[in-house]
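First the structure, in the form of structure tokens, and then the observations on it.
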Amino acid sequence: MAGNMPPLHTSVRTRRSPLMSAELYRTTRPGLLRLGDEGQTVQVAGWVHNRRDHGGIAFLDLRDATGLLQVVVDPEAGVASADVLSGLRREYVISVVGVIAARGADHANTELGTGEIELVATELRVLSAAEALPFQLDDRVEVDESLRLQYRYLDLRRPAMAANLQARSKAIRAMRRVLDDQDFLEVETPTLVASTPEGARDVLVPSRLRQGHFYALPQSPQLFKQLLMISGVDRYYQVARCYRDEDFRADRQIEFTQLDLEGAFWGQEDVLQTLEEIAVAVVSDLRGIELARPFPRLTWQEAMDRYGTDKPDIRFGMEVQDLSAVFAETEFKAFAGVLGRGGTVRGINAGEQGLARAGLDGLVDRALSLGAKGLVWMVVEDDGALRSPVAKFLNDAEKAALIGELDASPGDLLLIVADEFKVVSKVLGALRLDMGQPEGHEELAFLMVTDFPVFEVADDGALVAMHHPFTAPEDIDEMVANPQAAVSRAYDVVLNGSELGSGSVRIHDPDTQAKVFAALGISEEDATRRFGWFMDALRYGTPPHAGFAYGIDRMVSILQGLPNIREVIPFPKTQTGSDPLTGSPSRVEDAQLAEIGIAVAPEVVASWAEDGE
RNA sequence: GGGGGCGUGGUGAAGUCUGGAGUUCACGCCGGCCUGUCAAGCCGGAGGUCGCGGGUUCAAAUCCCGUCGCUCCCGCCA
């Protein structure tokens with residue numbers, strides 16, 4: 001980390017003998033000094049990370065974002081008054097003048113980048129005192145996250161968190177470098193926009209000037225970037241804050257950041273090439289490794305068939321196998337019934353899991369919670385027999401074929417689900433991750449998933465856009481004739497089982513756009529009312545265009561090997577959408593509400609009274 | 001909206017199943033000693049309404065009910 005940073009204040013640093021003055025705090029930074037700097041007189045400033053006081057000589061670890069530097073204080077050297085020296089505590093902010101000295105092999109600390117040297121203090125000044133902290137900044141104990149969030153400014157001092165902030169900045173810098181080199185134009189789009197009923201729930205903002213009317217915060221800059229294509233902006237990008245008001249997850253916050261990009265006269269291949277270049281640059285800068293190109297590709301159908309999900313983690317096998325043919329003539333009613341209704345029977349070989357009965361029952365519960373009607377588990381015995389509650393319903397040929405299809409060996413756990421394709425895929429896809437997904441993110445497996453369906457069938461039977469309604473179908477006539485089977489020119493980038501982002505070739509002709517709206521059951525009248533302005537824009541000469549959006553929070557968190565995106569967001573919100581530091585969201589004055597013509601519903605006011613608010 | 005986990009001095013954990021004195025461990029904090037440590041060491045000390053409310057009981061951190069907060073998952077997330 002420090003190694004990549006250019007020395008700060010090089011010109012100042014060569015000054016002779018900096019004297020402690022009111023306005024000069026430092027001439028260099030603690031983490032930047034190295035063997036070879038011995039003999040130099042420097043001034044550094046930062047926080048007292050730790051203090052080791054031997055009564056006579058004392059050691060201070062001076063910390064700033066560049067790292068730690070050991071400062072040696074001899075009480076008889078006149079560095080500062082005895083009171084000042086004995087009063088130094090953790091997290092005091094100090095400025096120290098001293099001479100860099102080599103520590104010698106006996107005293108070197110190989111854990112620190114600066115471990116071969118130390119600063120022998122000649123002068124020390126306290127810039128700011130610090131009370132005892134509400135939690136320790138070392139990694140000895142894992143502090144409750146709400147406490148970390150309440151004191152996020154302290155949490156961010158921890159070297160690991162400082163490294164996350166730096167990684168995020170480096171990632172965005174790499175993205176900008178790639179796109180700037182290709183003459184992309186960075187354009188900002190509004191954050192107060194019109195609400196659209198599709199997709200996620202909007203975050204609404206009441207208008208004061210038009211009471212009873214609302215802005216929405218953008219779920220993405222989608223339509224604005226398409227307008228920019230129509231405007232003649234040839235290649236666009238933006239580091240864009242986006243807002244989706246759905247429930248939180250480890251990888252989802254109400255506000256998040258995307259690298260949004262779009263290009264005119266572009267097709268799918270142009271986008272995918274650029275996405276690879278961006279990923280290669282970011283990974284190179286954060287991990288120091290060069291990813292092999294091209295990235296592997298799967299169509300959506302292949303991904304679903306082999307991994308049960310549209311965002312497969314391909315770091316491990318355990319692929320889903322179609323067992324429908326094995327059980328085509330089965331006497332086992334559960335399977336036969338599903339196959340008779342046009343469903344499918346599939347399974348995975350979870351390998352040697354060594355689960356006891358309770359663990360296997362847990363898997364069944366997990367499958368049920370995922371929407372399965374049941375889960376068949378089988379353990380291959382040493383003699384090749386199958387131990388399973390349903391083994392007695394299967395004949396020898398079926399058992400043999402099953403073992404063959406799943407390439408099963410003694411000790412292996414086989415998990416089988418029978419249902420409609422969607423359910424089977426979801427359940428086996430999730431169980432596959434439960435059983436086999438590697439811990440952490442040491443290995444990086446990027447993947448492009450292409451050829452998503454245009455539509456998916458909602459619970460009420462209606463068609464909804466799988467990507468969004470501005471995505472170009474492969475073939476518009478086929479789409480009209482058989483919408484459920486229609487393939488779109490939409491694609492995702494997946495990393496280690498996480499969707500890093502998605503994009504598509506867009507519709508650039510108003511007739512096609514109208515047909516997609518029609519297929520979605522949006523009447524011409526509705527389409528005109530909601531998207532008329534956009535349909536109009538398409539009529540004045542629209543270049544074919546395509547684009548993508550990378551989720552920056554997810555990308556950085558995975559590259560940093562972290563389990564949730566809050567670690568790479570400076571000031572995230574809790575799962576219930578609150579910020580323990582600032583207390584948002586908060587109630588506002590009645591006068592503020594009156595000004596915007598809003599009244600809180602009586603039952604909500606009543607609930608405040610109950611909660612003692 | 002639903003399910004799971006967690007909540008104990010400043011921090012983290014054990015104690016909770018099987019009720020019996022706020023008990024223990026590590027870190028931090030305060031004071032003392034200590035001239036080469038680096039998660040310094042040694043000695044001493046302070047610090048808790050066991051998230052909150054109610055119930056059962058002679059007795060509740062422990063059992064029951066409710067509630068709040070954090071977190072993971074399902075639903076949701078074009």
Side-chain angles (χ1 to χ4, degrees), chain A residues 49-62 68-77 86 89-91 101 103-104 106-112 114-115 118 120 131-151 154 196-202 219-220 222-223 242-254 256 362 365-372 426-427 430 433-434 452 454-456 458-459 463-471 488 490 499 502 504 516 520 522 551 563-564 566 573-576 578 580 610-613:
Chain A
H49 190 68
N50 195 10
R51 171 174 179 246
R52 295 175 294 280
D53 187 347
H54 290 243
I57 194 168
F59 301 95
L60 305 174
D61 291 332
L62 186 74
L68 292 177
L69 173 67
Q70 174 162 286
V71 176
V72 187
V73 180
D74 181 341
E76 292 171 13
S86 67
R89 294 289 178 270
R90 283 166 202 255
E91 299 307 306
R103 289 209 208 178
D106 289 354
H107 302 309
N109 181 351
T110 52
E111 305 279 303
L112 295 179
T114 61
E118 60 193 358
V120 180
E131 295 178 14
L133 266 43
F135 56 87
Q136 294 163 233
L137 298 191
D138 55 39
D139 293 326
R140 251 181 250 216
V141 289
E142 193 175 331
V143 182
D144 183 71
E145 198 172 344
S146 58
L147 194 65
R148 290 174 54 202
L149 292 182
Q150 186 184 345
Y151 298 96
L154 299 180
T196 53
E198 286 77 26
R201 198 176 290 114
D202 281 324
Q219 296 185 22
S220 80
Q222 183 59 38
L223 290 177
C242 305
Y243 305 84
R244 292 175 195 176
D245 190 4
E246 298 294 344
D247 287 355
F248 289 62
R249 283 283 193 283
D251 63 351
R252 277 175 12 204
Q253 285 264 311
I254 188 170
F256 58 99
D365 289 343
R366 169 78 170 148
L368 294 176
S369 85
L370 289 162
K426 184 179 157 192
V427 175
L433 292 177
D434 291 347
F452 277 68
V454 180
F455 305 109
E456 60 185 330
D459 291 338
L463 290 181
V464 295
M466 188 166 238
H467 185 53
H468 57 56
F470 314 103
T471 300
S488 75
E499 181 198 316
S502 54
S504 63
V516 171
L520 288 168
I522 300 173
N564 79 58
R566 295 187 300 276
K573 288 170 182 53
T574 68
Q575 200 165 44
T576 49
S578 69
E610 279 174 30
D611 298 341
E613 272 193 50

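Per chain, numbering begins at 1; letters A, B, ... match sequence-line order.
- Under the rule for a salt bridge (charged side-chain N to carboxylate O under 4.0 Å, His left out), the partners of Asp434(A) that lie at least two apart in sequence or sit in another chain are Arg366(A).
- In this model, no side-chain donor or acceptor of Arg566(A) finds a partner on the base of U71(B) within 3.5 Å.
- With P as the reference atom, U71(B) and G12(B) are 14 Å apart, rounded to whole Å.
- Between G22(B) and A60(B), the two C1' atoms lie 13 Å apart (nearest whole Å).
- Under the ring pair (Phe, Tyr, Trp, His ring centres under 6.0 Å) criterion, Phe59(A) pairs with His54(A), sequence neighbours left out.
- Evaluation of the side-chain hydrogen bond (donor to acceptor under 3.5 Å, both in side chains) rule for Ser369(A) yields no partner, not counting sequence neighbours.
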Are there any protein N/O atoms within less than 3.5 Å of an N/O atom in nucleotides 9-11 of chain B, and if so, which ones and at what distance?
unit_1, atom_1, unit_2, atom_2, d
G10(B), O2', Pro134(A), O, 2.7
G10(B), N2, Gln136(A), OE1, 3.1

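- The partner of C63(B) is G55(B), by the rule that a Watson-Crick or G-U pair needs both atom distances under 3.5 Å.
- For the P atoms, the distance from C17(B) to G2(B) is 28 Å, rounded to whole Å.
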Protein-nucleotides 74-76 of chain B N/O pairs under 3.5 Å:
unit_1, atom_1, unit_2, atom_2, d
C74(B), OP2, Arg249(A), NE, 3.3
C74(B), O2', Ser369(A), O, 3.3
G75(B), OP1, Lys426(A), NZ, 2.3
G75(B), N7, Arg249(A), NH2, 2.9
G75(B), O6, Arg249(A), NH1, 3.0
G75(B), O6, Arg249(A), NH2, 3.4
G75(B), N1, Asp247(A), OD2, 2.7
G75(B), N2, Asp247(A), OD2, 3.2
C76(B), O2', Glu246(A), OE1, 2.6
C76(B), O2, Arg252(A), NH2, 3.1
C76(B), N3, Arg252(A), NH1, 3.2
C76(B), N3, Arg252(A), NH2, 3.0
C76(B), N4, Arg249(A), NH2, 3.4
C76(B), N4, Arg252(A), NH1, 3.4

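- In this structure, Ser578(A) reaches the sugar-phosphate backbone alone: every heavy-atom distance under 4.0 Å involves primed, P, OP1 or OP2 atoms, never a base.
- Pro563(A) pairs by the side chain to side chain contact (heavy atoms under 4.5 Å, CB included) definition with nothing, not counting sequence neighbours.
- Pair check for G19(B) finds none; no Watson-Crick or G-U wobble contact set falls under 3.5 Å.
- Across the strands present, C25(B) finds its partner in G12(B); the criterion is a Watson-Crick or G-U wobble pair with both atom distances under 3.5 angstrom.
- Taking a pair to require two hydrogen-bonding distances under 3.5 Å in either a Watson-Crick or a G-U wobble arrangement, C42(B) pairs with G32(B).
- Residues satisfying the salt bridge (charged side-chain N to carboxylate O under 4.0 Å, His left out) criterion with Lys573(A), sequence neighbours excluded, are Glu255(A).
- Distance CG (Asp251(A)) to P (C77(B)): 15 Å, rounded to an integer number of Å.
- As rounded to whole Å, 17 Å separates atom P of A39(B) from atom CZ of Arg51(A).
- Along RNA chain B, the nucleotide closest to Pro75(A) and the one closest to Ala132(A) are compared, and the more 5′ of them pairs with Ala132(A).
- C73(B) atom C1' lies 9 Å from atom CD of Gln575(A), rounded to whole Å.
- Between Ser146(A) and the phosphate of G69(B), there is no side-chain N or O to OP1/OP2 separation shorter than 4.0 Å.
- Taking atom C1' on both nucleotides, U56(B) is separated from C64(B) by 7 Å, rounded to a whole Å.
- For the residue pair Arg252(A) and Asp247(A), the shortest heavy atom distance occurs at NH2-O, 2.6 Å.
- Nucleotide C6(B) forms a Watson-Crick or G-U wobble pair with G69(B), both donor-acceptor distances falling under 3.5 Å.
- Residues passing the side-chain hydrogen bond (donor to acceptor under 3.5 Å, both in side chains) test with Asp202(A) are Ser195(A), Gln219(A), sequence neighbours excluded.
- One interatomic measurement links the two molecules: CZ of Arg140(A) to P of A39(B), which rounds to 9 Å at whole-angstrom precision.
- Rounded to the nearest Å, the gap between the C1' atom of U16(B) and that of C63(B) is 10 Å.
- With sequence neighbours excluded, the residues forming a salt bridge (charged side-chain N to carboxylate O under 4.0 Å, His left out) with Glu246(A) are Arg201(A), listed by chain and number.
- For the pair Arg103(A) and Thr114(A), the tightest heavy-atom approach, listed with the atom from each and the gap, is NH2-O, 4.4 Å.
- Look at G47(B): it lacks any Watson-Crick or wobble partner with both distances under 3.5 angstrom.
- Summarising the geometry, the separation between CD on Glu145(A) and C1' on G7(B) is reported as 15 Å, rounded to the nearest angstrom.
- Glu131(A) comes within contact range of no nucleotide atom at all, as no heavy-atom separation falls under 4.0 Å.
- As judged by a 4.0 angstrom heavy-atom cut-off over every strand, Asp106(A) is placed among residues making no nucleic acid contact.
- With sequence neighbours excluded, no residue satisfies salt bridge (charged side-chain N to carboxylate O under 4.0 Å, His left out) with Arg244(A).
- A straight line from CZ of Phe59(A) to C1' of A39(B) spans 15 Å, rounded to a whole angstrom.
- Interatomic distance, CD of Gln253(A) versus CD of Gln575(A), reported as 9.5 Å (0.5 Å rounding).
- Taking each heavy atom of Cys242(A) and Ser220(A) in turn, the nearest pair found is SG-CA, 3.9 Å.
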Listed pairs, N/O of protein and of nucleotides 47-52 of chain B, under 3.5 Å:
none

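- Between Thr576(A) and C68(B), a side-chain N or O to OP1/OP2 separation shorter than 4.0 Å is absent.
- Distances were taken from every side-chain heavy atom of Ala250(A) (C-beta onward) to each of C72(B), A39(B), C70(B); the shortest belongs to C72(B).
- The CG-C1' distance, from Asn109(A) to G36(B), rounds to 12 Å in whole Å.
- C30(B) and G47(B) are spaced 10 Å apart, taking the C1' atom of each and rounding to whole Å.
- For His54(A) and G36(B), the ring-to-base geometry does not satisfy the stacking test (centroid distance below 5.5 Å, interplanar angle below 30°).
- Here Leu68(A) contributes atom CG and Asp61(A) contributes atom CG; the two are 5.5 Å apart, rounded to the nearest 0.5 Å.
- With sequence neighbours excluded, the residues forming a side-chain hydrogen bond (donor to acceptor under 3.5 Å, both in side chains) with Thr574(A) are Thr576(A), Ser578(A), listed by chain and number.
- Residue Arg148(A) has no polar side-chain atom (N or O) positioned under 4.0 Å from OP1 or OP2 of C70(B).
- If Arg89(A) and Asp53(A) are placed on RNA chain B by their nearest nucleotide, the residue sitting closer to the 5' end is Arg89(A).
- The same atom, P, is picked in G28(B) and in G41(B); the two are 8 Å apart, to the nearest Å.
- Of the P atoms belonging to A59(B) and A21(B), the separation is 15 Å, rounded to the nearest Å.
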